[in-house]
Amino acid sequence: MRVRPLTLTSNCLSHFHSLSDHHQLLHRPISELNSLINSYVRRAQPISAWNLFRSLRRLRSDIDAHTFTPLLRPSSPSLGKQFHAQMIRTGVDSGTVPKTALLDMYSRHGSLDDSLKVFDEMLHRDVVAWNALLSCFLRCGQPHEAIGVLREMGRENVELSEFTLCSVLKSCASLKALELGRQVHGLVVSLGRDLVVLSTALIDFYCSVGCVDHALNVFYSLNGWKDDMMHNSLVSGCIRNGRYGEAFKVMSLVKPNAVAFTSVLVSCSEKLDLVTGKQVHCVAVRRGFTFDTQLCNVLLDMYAKCGKISLARSVFDGIRRKDVISWTCMIDAYGRNGCGKEAIELFQSMREDGSEVLPNSVTFLSVLSACDHSGMVEEGKKCFNMMREKYGIDPEPEHYACFIDVLGRAGNIEEVWSAYQNMIQQGTKPTAGVWIALLNACSLSQDFERGEFAAKHLLLLDPDKASNIVLVSNFYAAIGRWDCVDELRSIMRTKGLVKEAGNSWIGEGFNDMPGHYLLDCSAIQLESESLTPVGVI
DNA sequence: TTAGGGTTAG
C-alpha cells in the first residue's frame, strides 16, 4: 500500500485533519506520527498532541519512546509521572534519549531526586544527558552541584558542547564566580565563531558579577547578527547595575520589545522612580505593549510601589487578560497602601470573576497582609481558613506569621497560640518571622511565659542578629523586666552589635535619577513621539 | 529524537 508522504510543512497539521481516519493512524509509519506529535507540541497545540497520542495508544502496537518524549516537557508533574509509568509498562523507557527526556521532565518539576534516579539508571550517558543533569541542578537552585557536574564531565572525558558552556555560565552568574566564568569566556572565544546564544549568556554572566563594561565589550565586539534576547540581556544587565545611559543607548539601537521595557520598569519600581516609569509607560502605550500582561503587571506594580494607587488601578483595569499576578499585585497594592477594604473587595471579585484565574499562595499572603495592615481580623480569619478548605493550599510559615500578627494585633492571645499549635501539628517549621509575630503578640498581651518561649527560639535561630535582640529587649521592657533588658543591652555591647538603621525608600528614588536619563529615555522613542502623557497618565 | 540565552507578584 502506498502512503502519501507526510511532511511537516506549515500546512501539515490541517492536512492531517483530513487524513485523521483510522486508516492513516493505522498505516502511516510510527516515526511520522511521532514527528507530528512533536510538531503539535512545538506549535503549542497540546490538545492536538494529546489526542493523537491517545489514538496511537489505542490503535498501534508499535509506539516507541518518541511517541512519549515530546509530551514529557509540557506535562504537569502528575501527568509526567503517568507518562513515565506508561513508558515502563510499554518497555520504552530505557535508552539514552528517553532517559534524558525523563530526567529533564523531572527537573522542570523540581523533582531533583527523581531526576538523579533516572540519571543513575542510564547505561550510556552522552553529552546531552550530562548537559541535562547540569541544567537540572541549575533549575533546582544548586549551582555548586552544577559546577560539580562539569568537573565530573571532565573526569569522564565528555567533550563539552555549547550547551554545556551556556549552563556553566549561568552557574557562574549565580555563584558570582568571576574567574571560572572568564575561563569559560576563553573557551567560547576558542570556538572561533560568533555565537549569539553563548554571547548572550556571557553578557548575562558579566552583568551578574557587576562587570558591565565586559558585557558591553562582548556585545559591541560581536560581528554577527544580534537578536532581541541579546539586546534584552544587555539592557536588563545595565539596568540592574544602574547603568541607565548604556541601557537606553542599547535600546535605541533596535526597536526594543516588551521585555526590554519590562526590565526598565522593574528598576523604576525598585528605585521608586516614578518619573522614568511614566516616560516608559508613554512609550509602551504607543508601541502597543499594553497588550502584554507581564509588562502591565510590572507597570501596575511600579505605580503601586510609588504610592500611585489610582494609576495602578487604571493599569489593572486595562489589562485584557489578567493573570494571577495581575490580581495579586493589585490586591497587594491596596493592602500596602492601607486600603484593606478595597483589597478584600478585589479578592472577592477575583474569586467571582468567572475566569480561570485562581488565587495562589502569594495571593493569600497579600490578602492576609492587607488584613494585617488594616486590622481586619474577621476577614483575616476567613482568608486563612479559605486557603486550605476551598483552594487546597497549605499555609507556609509566612502565612502563619502574618495570620498570627493579625490575631496578635487584636489582642487575642489564645487564638494566636492556637494558630501556632496548629502550625506545629501540620508539621510546619517556624521561621524567624513566626517567632517575631508570636513575640509581638505576647508583648501586646503581656503574656510573659509564651513570649519568653518565642524569644528564646528567636535568639536561638540567629543569636547575632541585632534587630532580633532589640525585639526581645522590647518584649522584656513591655512586661517590665528591666533586668532582662539590661542584660540584653550588655550582650549587644559585648558582641559589638548595632541595630541596623531602618530603611525607607519613600521619596529617595526621585533623587537617584538625574534629569539626563530622561534625555536618554527619549532616545528610545520614535521620532514622531513626544513625551506628552497619554492614557492613564 | 533528549540539553542552552532576555522580562512580572510575597
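Chain letters run A, B, ... following the sequence lines, proteins first, then strands; residues in each count from 1. The basis for the numbers below is simple: all heavy atoms, side chains too, and nothing from hydrogens, waters or symmetry mates.
Partners of A:M229 under the side-chain contact (heavy atoms from CB on, under 4.5 Å) rule, at least two apart in sequence or in another chain, are A:D227. For A:N223, the side-chain contact (heavy atoms from CB on, under 4.5 Å) partners at least two apart in sequence or on another chain are A:D194. Contacts of A:R108 classified as side-chain contact (heavy atoms from CB on, under 4.5 Å), with partners at least two apart in sequence or in another chain: A:R73, A:D104, A:R139. Judged as a side chain to side chain donor-acceptor pair (under 3.5 Å), and not counting sequence neighbours, A:T200 has no contacts.
Between B:dA3, B:dT8, B:dT2, one nucleotide has an atom nearer to the side chain of A:T100 than all others, and that is B:dT2. Which of B:dG4, B:dG6, B:dT1 sits closest to the side chain of A:H66 comes down to B:dT1. Listed candidates were B:dT2, B:dG5, B:dG10. Nearest to the side chain of A:V97 is B:dT2. Of the candidate nucleotides B:dG5, B:dT2, B:dT8, B:dT2 has the atom nearest to the side chain of A:R42. Among B:dG6, B:dG4, B:dT1, the nucleotide with an atom closest to any side-chain atom of A:S35 is B:dT1. When distances run from any side-chain atom of A:L365 to the nucleotides B:dG10, B:dG5, B:dG6, the shortest one goes to B:dG10. Distance from the side chain of A:T262 is smallest for B:dT7 among the nucleotides B:dA9, B:dT7, B:dA3. Listed candidates were B:dG6, B:dG10, B:dT2. Nearest to the side chain of A:D332 is B:dG10.
Remark: P of B:dG4 and CD of A:E159 are 19 Å apart, rounded to the nearest angstrom. Between the OH atom of A:Y303 and the C1' atom of B:dT8 there is a distance of 16 Å, given to the nearest Å. Rounded to whole Å, atom P of B:dT8 lies 10 Å from atom CD1 of A:I325. In this structure, the CE atom of A:M229 is 10 Å from the P atom of B:dT7, given to the nearest Å. Per the geometry, CG belonging to A:N257 stands 17 Å off P belonging to B:dG5, to the nearest Å. The separation between A:L368 atom CG and B:dA9 atom P is 20 Å, rounded to whole Å. The CD1-C1' distance, from A:I63 to B:dT1, rounds to 15 Å in whole Å. Rounding to whole angstrom units, NZ of residue A:K305 and C1' of B:dT8 are separated by 10 Å.
If you check every strand for non-hydrogen atoms under 4.0 Å, A:K99 touches nothing. Across all strands, A:N34 comes closer than 4.0 Å to no nucleic acid atom at all (heavy-atom distances). As judged by a 4.0 angstrom heavy-atom cut-off over every strand, A:S161 is placed among the base-contacting residues. In this structure, A:V266 reaches the sugar-phosphate backbone alone: every heavy-atom distance under 4.0 Å involves primed, P, OP1 or OP2 atoms, never a base. Contact annotation for A:V298: backbone-only contact, meaning every heavy-atom pair under 4.0 Å involves sugar-phosphate atoms and none involves a base. Using a 4.0 Å heavy-atom distance criterion, A:S263 is classed as a sugar-phosphate-only contact. Within the nucleic acid shown, A:E398 has no heavy atom closer than 4.0 Å to any nucleic acid atom. Across all strands, A:N38 comes closer than 4.0 Å only to sugar-phosphate atoms, never to a base (heavy-atom distances).
Ion pairing between a basic and an acidic side chain is recognised when a charged N comes within 4.0 Å of a carboxylate O; A:R409 and A:D405 show such pairing. A salt bridge is absent between A:K255 and A:D228; no separation between the charged side-chain nitrogens and carboxylate oxygens falls under 4.0 Å.
In this structure, CE on A:M251 lies 8.5 Å from CG on A:N257, to the nearest 0.5 angstrom.
Considering only side-chain N and O atoms, A:S236 lies under 4.0 angstrom from the phosphate OP1 or OP2 of B:dT7. Side-chain nitrogen and oxygen atoms of A:R240 include none within less than 4.0 Å of the OP1 or OP2 phosphate oxygen of B:dG6. Side-chain N/O atoms of A:K170 include one lying less than 4.0 angstrom from OP1 or OP2 on B:dG6.
Annotation: side chain of A:L178 is in contact with side chain of A:F205 (closest heavy-atom distance under 4.5 Å).
Put simply, the side chain of A:N232 and the base of B:dG5 share no donor and acceptor less than 3.5 Å apart.
Within residues 116-144 of chain A, the residues approached by DNA chain B to less than 4.0 Å at the level of any non-hydrogen atom are A:V128, A:N131, A:S135, A:R139, in residue-number order.
Legend: salt bridge (charged side-chain N to carboxylate O under 4.0 Å, His left out) pairs involving residues 205-217 of chain A, not counting sequence neighbours, sorted by first then second residue: A:D213-A:R243.
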